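Have a look at the structure below, then the notes.
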Protein chains: 2
Amino acid sequence: MNARILVADDDRKLAALVRTYLERAGHQVVTVHDGQAALAECRRRQPDLAVLDIMMPVLDGHDVCHVLRAEGEVPVIFLTARTTEDDLVLGLGLGADDYVTKPFSPRELMARVEAVLRRTRPDPGASVVRAGSLVIDEERHLVTQAGRSVPCTPAEFRILRELVTHPSRVYSRQRLLEAAFGFDHDALERTVDVHVMNLRRKLERDPASPERLVTVYGVGYKYVAEEQEG
Amino acid sequence: MNARILVADDDRKLAALVRTYLERAGHQVVTVHDGQAALAECRRRQPDLAVLDIMMPVLDGHDVCHVLRAEGEVPVIFLTARTTEDDLVLGLGLGADDYVTKPFSPRELMARVEAVLRRTRPDPGASVVRAGSLVIDEERHLVTQAGRSVPCTPAEFRILRELVTHPSRVYSRQRLLEAAFGFDHDALERTVDVHVMNLRRKLERDPASPERLVTVYGVGYKYVAEEQEG
DNA sequence: GCGGTCGATGAAGGGGTCGTCAAGATCCGA
DNA sequence: TCGGATCTTGACGACCCCTTCATCGACCGC
């Protein structure tokens, strides 16, 4: 949250648009329009994330990313108009943390930005979510309850993280699917039921009458922390 | 939740379908069938979201979005039959918040609508409705009265939310059905009676002589808050 | 007061939602 | 490539809720 982000794209209109969305999400944004300026800005301000167009004048996104990787730890998301697999692999080979192909929806870009920020957060303590005796360590992908380690599959972890991050908030199955697997993922809502059931077996004292992972009939699920039984 | 949404599509059948789904989700929908009407409607009512077809007579979706962006803050989702890159980039360049390509699944459209509404909601706490000691928390899907939690079924929750949102306003049974469940929902008006009765049992001190959920003979029901006994 | 209309209430049915299990599909590492 | 873990789906039953119906009482105009 509230990260410093560099946006580099020679399409000034697009850069301004991306800036708008990122700022709306509470981030501080600097925009530049060529690779050289991007590199200079990164060296000066060390942003939390750089969103780089691949095709830019002076220095292209690949080059910038290459130098950044050699010099430090700035996470990178590529914007690319190309869709061939070669380009994508090349982008990731240079150490980009993610890429978004144009045309993209603001929603998709924002989701990937937040995901990368979560993954690369400098302060390890910031990536730990607590709710009562339940602790979720995003970085280590670890769940512990009352000191006891709880093994979770990737899908279970994502669903649980979303629920625990906002205790008592009711999530529809659709929204849980989105939060856990992204927007383009199409699975039946029934899948969520199964994951929740498996989580209950690992977390609940009596899985048959859940106290933490609670069903809200006709709406969805919520996580209830020990303190606030709401 | 419960947002005012404008749907503009010259395909009246499709517009009606979209309207149905949005209303079922609890939103208030206005449909128009050309760009000029869409623009006029936005200026008059300032909806929380505009769902615009790109290809429309008089004024197309691009034009409408362009003007809206220049004038204010109405979020826009495009419906587009086109899939070429140019059109999509153009859509984003004009500041659409998202786009959905036809043919689309209702589920996909709804997911994107909810996501945009979440992102653009001005006040995060706006999901709480108060009337006297009664509090309806949309996000937690929770009703509390004088601090005491009141368990509600989905139908009861929707009806109560509608009534409490507009204290002292009298709703006909038909209007309540529409507001709570959407236009396509066909249930006899007597159904409302039963829901109101069940609500009274949970909310009223003496359900036989209601003080909050009041019957207006020959018209319908209204919610009366403590302060304004009207 | 009287009749007709409207609303309150209880009970029954049918439909929808959820929990659970197991089998098939898919992913991933060895 | 193979094998195991994981994800997804479909089926089934249990349970809750919505809706409807029938009946009785309340209200209103006359």
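Every heavy atom of this structure was used, including side-chain atoms; hydrogens, water molecules and symmetry mates were not. Because the structure is a prediction, the values reported are computed rather than measured. Just so we're on the same page: letters track the sequence lines, and every chain starts at 1.
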[atom1] of [X] versus [atom2] of [N]: gap in Å, rounded?
{"X": "B:Leu199", "N": "C:dG7", "atom1": "CG", "atom2": "P", "answer": "17 Å"}
{"X": "B:Asp193", "N": "C:dC6", "atom1": "CG", "atom2": "C1'", "answer": "9 Å"}
{"X": "A:Leu188", "N": "C:dA25", "atom1": "CG", "atom2": "C1'", "answer": "13 Å"}
{"X": "B:Leu213", "N": "C:dA8", "atom1": "CG", "atom2": "C1'", "answer": "14 Å"}
{"X": "A:Asn198", "N": "C:dG19", "atom1": "CG", "atom2": "C1'", "answer": "11 Å"}
{"X": "B:Glu204", "N": "C:dT9", "atom1": "CD", "atom2": "C1'", "answer": "16 Å"}
{"X": "A:Leu176", "N": "C:dC18", "atom1": "CG", "atom2": "P", "answer": "12 Å"}

Counting any heavy atom closer than 4.0 Å, what does [X] reach on the DNA or RNA strands: base, sugar-phosphate only, or nothing?
{"X": "B:Phe181", "answer": "nothing"}
{"X": "B:Arg158", "answer": "nothing"}
{"X": "A:Thr191", "answer": "base"}
{"X": "B:Val196", "answer": "nothing"}
{"X": "B:Thr153", "answer": "sugar-phosphate"}

*Does any donor atom in the side chain of B:Arg169 or B:Tyr223 lie under 3.5 Å from an acceptor atom in the other side chain?*
no

*Do we see a donor-acceptor contact under 3.5 Å between the side chains of A:Arg212 and A:Ser133?*
no

Ignoring hydrogens and angles, write down the donor-acceptor pairs under 3.5 Å from the side chains of residues 140-148 of chain A, residues two or more places apart or on other chains.
{"residue": "A:Gln145", "atom": "NE2", "partner": "A:Leu203", "partner atom": "O", "Å": "3.4"}

*Heavy-atom count around B:Asp206 CG within 6.0 Å, excluding the residue itself: above 12?*
yes

*asked:* Heavy-atom count check: over 12 atoms from other residues, nucleotides or ligands less than 6.0 Å from B:Arg4 CZ?
replied: yes

*Between which nucleotides of DNA chain D, read 5' to 3', does contact with chain A run, using atoms under 4.0 Å from its heavy atoms?*
D:dT6 to D:dC17

*Would you mind telling me which of B:Val224, B:Leu163, B:Val196, B:Val170 makes a side chain to side chain contact (heavy atoms under 4.5 Å, CB included) with B:Val214?*
B:Val224

*With sequence neighbours left out, what residues match B:Arg190 under salt bridge (charged side-chain N to carboxylate O under 4.0 Å, His left out)?*
B:Asp193

Heteroatom pairs (N/O) under 3.5 angstrom, protein to nucleotides 1-4 of chain C:
none

*Under the side-chain contact (heavy atoms from CB on, under 4.5 Å) test, which residues partner A:Val67, sequence neighbours left out?*
A:Leu39, A:Arg43, A:Glu71

Counting only side-chain nitrogens and oxygens, does [X] get under 4.0 Å of the OP1 or OP2 atom of [N]?
{"X": "A:Thr215", "N": "C:dG19", "answer": "yes"}
{"X": "B:Arg173", "N": "C:dG7", "answer": "yes"}
{"X": "A:Arg200", "N": "C:dG19", "answer": "yes"}
{"X": "B:Tyr221", "N": "C:dC6", "answer": "no"}

*Atom of B:Val116, atom of B:Pro75 and distance for their closest heavy-atom approach*: CG1-CB, 3.9 Å

*asked:* For B:His185, give me all partners under ring pair (Phe, Tyr, Trp, His ring centres under 6.0 Å), at least two apart in sequence or on another chain.
replied: B:Phe181

*Does any donor-acceptor pair link the side chain of A:Arg190 with the base of C:dG19 at a separation under 3.5 Å?*
yes

